[in-house]
Amino acid sequence: MLIDKRMIIVGIVMIIAGIVILLYLTEVTPMGKAGMTDDEKINLLLAERENSDYRTLSGILIGFGFLLVLISFGARRKRKGGTEKIEKKPSQ
C-alpha cells in the first residue's frame with residue numbers, strides 16, 4: 001500500500017492539535033452568575049460567541065487533518081529520474 005508519510009503525519013498532527021484546542025476551549029467556557037449587570041451580560045454573550053467561534057475553527061482543523069489522512073492513502077510520490085513514458089508514432 002502506498003502512503004505519503006509526510007501527508008499522513010501532518011494530518012495526524014492537525015487532528016491532535018484540533019482535539020487539544022477543542023478540549024481546552026471546553027474547559028474555559030465562560031459562565032454567568034445571578035444578578036449580573038447589563039454590561040456583564042453583554043460581555044458574557046461576547047465571550048460565549050468567541051468561544052463558540054474558536055470551537056468551530058478547531059472542528060474545521062480536525063476536518064482538514066482527517067481529509068489529509070484520507071488523501072495520504074491514495075497519494076503517490078513522483079519519482080526522481082524515473083522512467084519516462086515513451087510515445088510511439090503509429091506507422092502509416
*Locate the shortest heavy-atom distance separating Leu44 from Pro30; write the atom from each residue and the value.*
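Closest pair (atom of Leu44, atom of Pro30, distance): CD1-CB, 3.8 Å.
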*Heavy-atom closest pair, residues Ser58 and Gly18*: CB-O, 3.8 Å
*When hydrophobic residues are tied together by side-chain contacts of less than 4.5 Å, even through go-betweens, does Leu46 share a cluster with Val28?*
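No, no single cluster joins them.
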*Given the rule that I, L, V, M, F, W and Y join up when any side-chain heavy atoms are under 4.5 Å apart, are Leu23 and Phe66 in one cluster?*
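Result: yes, single cluster for both.
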*For residues Glu48 and Leu45, determine if any side-chain heavy atom of one lies less than 4.5 Å from a side-chain heavy atom of the other.*
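A side-chain contact exists here, since the closest heavy-atom pair is under 4.5 Å.
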I need the [X] [atom1] to [Y] [atom2] distance, nearest 0.5 Å.
X: Ile8; Y: Leu70; atom1: CD1; atom2: CG; value: 9.0 Å
X: Tyr54; Y: Ile21; atom1: OH; atom2: CD1; value: 10.5 Å
X: Asn43; Y: Met36; atom1: CG; atom2: CE; value: 8.0 Å
X: Thr37; Y: Ile42; atom1: OG1; atom2: CD1; value: 8.5 Å
X: Thr56; Y: Leu25; atom1: OG1; atom2: CG; value: 10.0 Å
X: Ile15; Y: Leu67; atom1: CD1; atom2: CG; value: 10.0 Å

*Residue that, paired with Val69, satisfies side chain to side chain contact (heavy atoms under 4.5 Å, CB included) out of Ile12, Ile9, Val10*: Ile12
_Donor-acceptor under 3.5 Å (Thr26 side chain, Leu22 main chain)_ =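 Such a contact is found between Thr26 side chain and Leu22 backbone.
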*Taking the side chain from Glu27 and the backbone from Tyr24, do they hold a donor-acceptor pair closer than 3.5 Å?*
no
